[in-house]
Every structure is written in C-alpha cells, then in structure tokens.
Amino acid sequence: MSDSNPVRCRFAPAPSGFLHVGGARTALFNWLFARHHGGVFVLRVEDTDADRVTDEAVQVLERSLRWLGLDWDEGPEVGGLHGPYRQTERYDVYRKVGEQLAAGGHAYRCYCTPEELEARRKEALARGSAPGYDGRCRRLTDTERAAFEAEGRPWALRFAIPEGRDVEFDDLVKGPSRFASDSLRDFIVVRSDGSPTYLLASGVDDIRMGMTHVIRGEDLLPSTPRQLLLFESLGAEPPRYAHLPLILGPDRAKLSKRHGAVAVEWFREHGYLPDAVVNYLALLGWSPGGDRELFSRQELVEAFDLSHVSHHPAVFDAQKLEWMNGQYLRQLSDEDLAVRLVDVLADAGEPADIRVVRQAAPLVKERMQTLDRAPELLRFLFRDDVPLDERARAAVEKVGAEYLTEAADRLEALGTWTAPAIAGALDELVQARGLNRTKGWQPVRAAVTGTTVSPPLPESLALLGRERTVARLRRAAA
RNA sequence: GCCCCCAUCGUCCAGCGGCCCAGGAUUCCACCCUUUCAAGGUGGCGACACGGGUUCGAAUCCCGUUGGGGGCACCA
C-alpha cells in the first residue's frame, strides 16, 4: 500500500460462544496485515443480535484471540479513540444514520411483518423464483402508507437500492468486481425494534472507526455492493475490501461444528501450541511463495501480503495441523516443555513434581503430536497402582515370574542407578537368557509401566527410582 | 431459480508462456535406524477437470462445458 494514511483494519465477529477456526483465520489475516504495515488492529464486537450474544461469549472470544497471540490495539476494555467497540453500545449512532437515510430518501418504511416475509419467501422458493424482498412497501401509495400508520403497524427501515446501476470495486484479493444493482434487493437497515442490522451497523462502524481495509470471509462478498451503495448515499468514502476464500470441511461444505473440532478453545484444551495453530492457519489460503512451511510469527508478519491469498476455498486438514504441532513441540526447550507438561498433567489428574517432569520432558518430546498425550505416556511415574493392560499382561506371562524376579535381583544389586548402568544390567540378563533386547526388555517395560508402549526403558527406570522399579517387578512376578 | 466466486496429487500449497513427461508438505505404503512407541533418514503411489481457441511453444492467456463453493433473512 502506498497510501499515506496508516493502515487500520479490524476483526468484527458476532460472538457465538466460541471462536471458530474460520473466524480465527480472518482475525489472523487482519492482524498480520496490520502488523506488516505497522498499522492498527481493532477488535469490534458485533452483538446486534441481542438474543444470541452473551457476555460469556465475548469472554471466550477474547480469551481465544489472546491465546493465539493476536493482540488488538483498540477494542472493548482496551478502549481507543473510536469507541465504544461493542455495537450494542452504539445504537444512537445507527439510529441517527437511519434517520439520515430516511430523510434523504435512501430508505423507506417497510410494513411487512416477518411472518408475511417468510411466507412470501417460501412461496417464491417453491415457485423457483428469487427469494428476496419484492419491494412492495417501496411502491406504497400515500393512502396505503397512511392506512398502515393509522393502524399503528410496526415498521422496519429498508434501504432503497438504486435501479440500473453498476457497483464496481477493486477487491484486494479477487481483483476488479462488478455487481448490477438490479440483482440486489432492498434490505433492512433498522429492525422494527429499532436495532440496526449487520449491513448498517458494520458499514457505519467501518466508516466511523476509520477503517482503511476490510478483510473478511468470502461469504460477505455479496454484501459489499450493498454497503458501497449505503456509503454512497451517506457521502462516505469506503474502505478497501479483501475477501478471503472460505475454509471447508472434509465434505467440502463450509466448515462448521458438525465437522468436529472447529473451536480454537478445543485446540487449546487438547494440547496444541498457539504458534502451531497460527502457522497452520496462515498457510490455509495464503502462501509466501516457495516450498517453506514453518514460519515464526515474526516471519509471517514480514512476509504477509494480500496478493498471495488464494482465490479458492481450502479444506481444513486436521492431520496436517497435528503434524505441524508436533514440529513445534519438538522445537520447545526441555524447560519450556516441562512447564507446559505440569499444567497438562494437573488437568489430567496427575499432579506432578516439576523436577521430575523436567527430566521426563526430553523422553516424551518426540513422542507427542499434542501435549495431551503426555499423561498416558508418563502416568507410570506418578502413581504406583499401575494396572497391566492386556498386552502388558501377555508380555509378562510369556517370560514368567522367575524372569522378572531375576531382573529385580540384578537391578537391586546395581552399584549406581543410572540409565547406562540399568541398560547394562538388563543386557546381561538378556544375554544370559539368549534373548535380544526387543524380547528381553519388553516384559520389564510391561511390568513397570503397565503398558507395552513407553518412553525409553533405561531412562524411564532411572527416573522412576530403584525402589519403585524393583517393587513393581516383584509384584508382577507374584 | 437468480447473482457472485473458483478449478494443479485424497488434502494444503509452489508454478504467474519455454527452466514442468509439473516441485514441496501432509496422509498412506515400503525400507533403514532401533529396547517398545515415536522422531529421523531413504524410496514409492498420487494431480495440471474436459473441449475449443491464441502462440513457434500453455498447467500458465481467452471462450465454452462440467464440477465445486458462497450469497439471495427484521443472522452476521
């Protein structure tokens, strides 16, 4: 952008109780764009649908955004020069604009009730014709109008789409776009209860809050010409628009709850790292060109560019996100990983000593795609009542009690309790029996950890301690 | 039904007229490494939707067909 005014863009969600990955991606692209240009990123809460939005939903939204590391410069709580940033607190603004539109002849009172509109829509659909508003109240005669008013009929304010116009704009990702105004239907701007609708509130706020760029999902592309017409009738200078391709589920329909995990909160709770989620989302519908896939936040900010946003929808690939999360997990320092593991373990009901976890961290780092796998991998360290699962029992029975007793004896007699020493003792046992490590170590693993899958055995035993190791071997032998 | 958007491996991307009988990643399979499981390494399967043009030359440009997506609410 060569514009001299600083970039201002926003994420303007309707809080629904959770932040959807599609919303998160939109927020991320706005944030990247703002940060790349040294601009301002605004959070605006679009809560005009009063019966659906709750304070708690707003909390969850903000928590998810913060978790992702998408900080905003203006918004609810943090404030800013263009507040308030919750639309329910801005109704006087919208009401005045509504009056201005009506006074200028750009909007008219529509007396159709929601029921009537619904019935007509269904009828139109059944007939196979366009379901939109037919414009009947726009053509009301003075006497008809007077009759409705006398009747005390409630009315909504409807924007009058000018006829025979071409609305043109240059979308920053789609390129030049044109809509014929005749394909647009008159839309409600103020509901009969006085509240504004999306088209009005969002448009007015984009102007009032000085937005230079509106980056949003492609599902809103058709609302752009309507808002442009609205701005024109208000004499306002419109922002630039950029419409992002949608994120789809495996069935190629718009990603939604029924596709499974789509809430950012879910990924937080299931052991995903925000950096991994951000990296994955950034590459969903955008690419800096080339084959690289792992980018730090700073690198993303530096490389971000609207012109490289793809034009077609992208299917959300949970497996690839998992892989990427594993990559980020492995990049963590042992200390960093340990701190996170303590939280995860506590949540899983395995309160753990940070000193032990610190030593366990390198043992599990390569064995997890997500943090929430840690409890099952490390449980044997934190509780002594480890029941043997089916496979573990089979492994133990295969070698018999006497084998485990000898293992216990040898380990008990060991001079130093270190991983190499333990490995040495186990190897001696294995050799004496003419076994190999795979066959000879597995029963020990099974007896001590209760499973046939665990972190490396000598290191695990070293961490567990001699006493507990020996006790478990003897108990399994009994 | 009408309006709009789009089209490269199953999936995400690279490619922006010759470097491409198409490259990377993920998934899946095999092998190597190996104390289990992983991680890592190597290799393999796998795509330019179709038809017309334009051009010396097309995955790249144009048109059409087909296919996919979105929208057409007193939801946002």
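Below, read A as the first sequence line, B as the second, and so on, with proteins coming before strands; counting in each chain starts at 1.
- A straight line from CG of A:Leu125 to C1' of B:G1 spans 8 Å, rounded to a whole angstrom.
- A gap of 22 Å separates the C1' atoms of B:G70 and B:C13, to the nearest Å.
- Listed by first then second residue, pairs satisfying side chain to side chain donor-acceptor pair (under 3.5 Å) with a partner in residues 158-170 of chain A read A:Arg165-A:Glu232, not counting sequence neighbours.
- Atom name P, nucleotides B:U60 and B:C6: the rounded distance is 16 Å, in whole Å.
- Listed by first then second residue, pairs satisfying side chain to side chain donor-acceptor pair (under 3.5 Å) with a partner in residues 359-368 of chain A read A:Asp334-A:Lys365, not counting sequence neighbours.
- In the region residues 20-29 of chain A, proximity to RNA chain B at under 4.0 angstrom, judged on heavy atoms, holds for none of the residues.
- Separating the CG atom of A:Asp182 from the C1' atom of B:C4 is a distance of 15 Å, rounded to the nearest angstrom.
- Comparing A:Arg292 and A:Glu218, the nucleotide of RNA chain B nearest to each residue sits closer to the 5' end for A:Glu218.
- Between A:Arg158 and the phosphate of B:C74, there is a side-chain N or O to OP1/OP2 separation shorter than 4.0 Å.
- Among the atoms of the strands shown, none is found under 4.0 Å from any heavy atom of A:Cys110.
- Nucleic acid contact class of A:Leu117 (heavy atoms, under 4.0 Å, all strands): base.
- Taking CZ of A:Arg240 as the reference point, atom CD1 of A:Ile215 lies at 11.0 Å (rounded to 0.5 Å).
- Applying the Watson-Crick and G-U wobble criteria (two distances, each under 3.5 Å), B:C20 pairs with nothing in any strand.
- A donor-acceptor contact closer than 3.5 angstrom is absent between the side chains of A:Asp49 and A:Tyr198.
- Between B:A7 and B:C61, the two C1' atoms lie 16 Å apart (nearest whole Å).
- The distance from atom CZ of A:Phe11 to atom P of B:A76 is 15 Å, rounded to the nearest whole Å.
- Base-pair partner of B:U65: B:A49 (Watson-Crick or G-U wobble, both distances under 3.5 Å).
- Comparing the C1' positions of B:C45 and B:C2 gives an interatomic distance of 44 Å, to the nearest angstrom.
- For residues 274-285 of chain A, every residue pair satisfying the side chain to side chain donor-acceptor pair (under 3.5 Å) rule, not counting sequence neighbours, is listed here: A:Asp275-A:Arg297, A:Asn279-A:Tyr328.
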Counting primed atoms plus P, OP1 and OP2 as sugar-phosphate and everything else as base, spell out the protein contacts along nucleotides 35-51 of chain B at 4.0 Å heavy-atom distance: B, S or - for each nucleotide, 5' to 3'. BBBBSS-----------
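- Note on A:His311: every side-chain N or O is 4.0 Å or more away from OP1 and OP2 of B:C5.
- Taking atom C1' on both nucleotides, B:C9 is separated from B:C21 by 15 Å, rounded to a whole Å.
- The nucleotide B:C2 finds its pairing partner in B:G71, both defining distances of the Watson-Crick or G-U wobble pair being shorter than 3.5 Å.
- Distance check: A:Arg466 CZ to A:Ile422 CD1 gives 8.0 Å after rounding to the nearest 0.5 Å.
- Base-pair partner of B:U26: B:G10 (Watson-Crick or G-U wobble, both distances under 3.5 Å).
- B:A76 atom P lies 12 Å from atom CD of A:Gln227, rounded to whole Å.
- Put simply, CG on A:Leu220 is 13 Å from C1' on B:C4, counting in whole angstrom units.
- Nucleotides B:A47 and B:G64 place their C1' atoms 23 Å apart, quoted to the nearest Å.
- For the C1' atoms, the distance from B:C48 to B:C3 is 30 Å, rounded to whole Å.
- Taking the side chain of A:Lys254 as heavy atoms from C-beta on, and the options B:C5, B:G70, B:C3, the nearest nucleotide is B:G70.
- Taking CZ from A:Arg340 and CG from A:Leu337, the interatomic distance works out to 8.0 Å, rounded to the nearest 0.5 Å.
- When the P atom is compared between B:C28 and B:C33, the two are found 22 Å apart, to the nearest whole Å.
- Remark: A:Arg25 is positioned above the aromatic ring of A:Phe29, its terminal NZ or CZ atom under 6.0 angstrom from the ring centre and at most 45 degrees off the axis.
- Here A:Phe316 and A:His259 keep their ring centres 6.0 angstrom or further from each other.
- RNA chain B is contacted by both A:Leu248 and A:Ala12; A:Leu248 maps to the nucleotide lying nearer its 5′ end (nearest heavy atom per residue).
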Distances under 3.5 Å between protein N/O atoms and the N/O atoms of nucleotides 9-15 of chain B, please, pair by pair.
{"residue": "B:C12", "atom": "OP1", "partner": "A:Val315", "partner atom": "N", "Å": "2.9"}
{"residue": "B:C12", "atom": "O2'", "partner": "A:Leu283", "partner atom": "O", "Å": "3.3"}
{"residue": "B:C12", "atom": "O2", "partner": "A:Lys320", "partner atom": "NZ", "Å": "3.4"}
{"residue": "B:C13", "atom": "OP1", "partner": "A:Gly285", "partner atom": "N", "Å": "2.6"}
{"residue": "B:C13", "atom": "O2'", "partner": "A:Ser287", "partner atom": "OG", "Å": "3.4"}

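- Between A:Tyr108 atom OH and B:C74 atom C1' there is a gap of 13 Å when expressed in whole angstrom units.
- A side-chain N or O of A:Gln442 and one of A:Arg445 form a donor-acceptor pair less than 3.5 Å apart.
- Classified by interplanar angle (parallel below 30°, tilted 30° to 60°, perpendicular above 60°), the ring pair A:Tyr241/A:His243 is parallel.
- Distance CG (A:Leu184) to P (B:A73): 11 Å, rounded to an integer number of Å.
- Within the 4.5 Å cutoff, no side-chain heavy atoms of A:Pro238 are placed close to those of A:Phe169.
- Side-chain polar atoms of A:Thr452 and A:Arg391 form no donor-acceptor pair below 3.5 angstrom.
- A distance of 9.0 Å separates CD of A:Glu123 from CZ of A:Arg120, quoted to the nearest 0.5 Å.
- In the set B:A76, B:C74, B:G70, B:C74 carries the atom at the smallest distance from any side-chain atom of A:Ser192.
- We find that CD1 of A:Ile247 is positioned 16 Å from C1' of B:C6, with the value rounded to whole Å.
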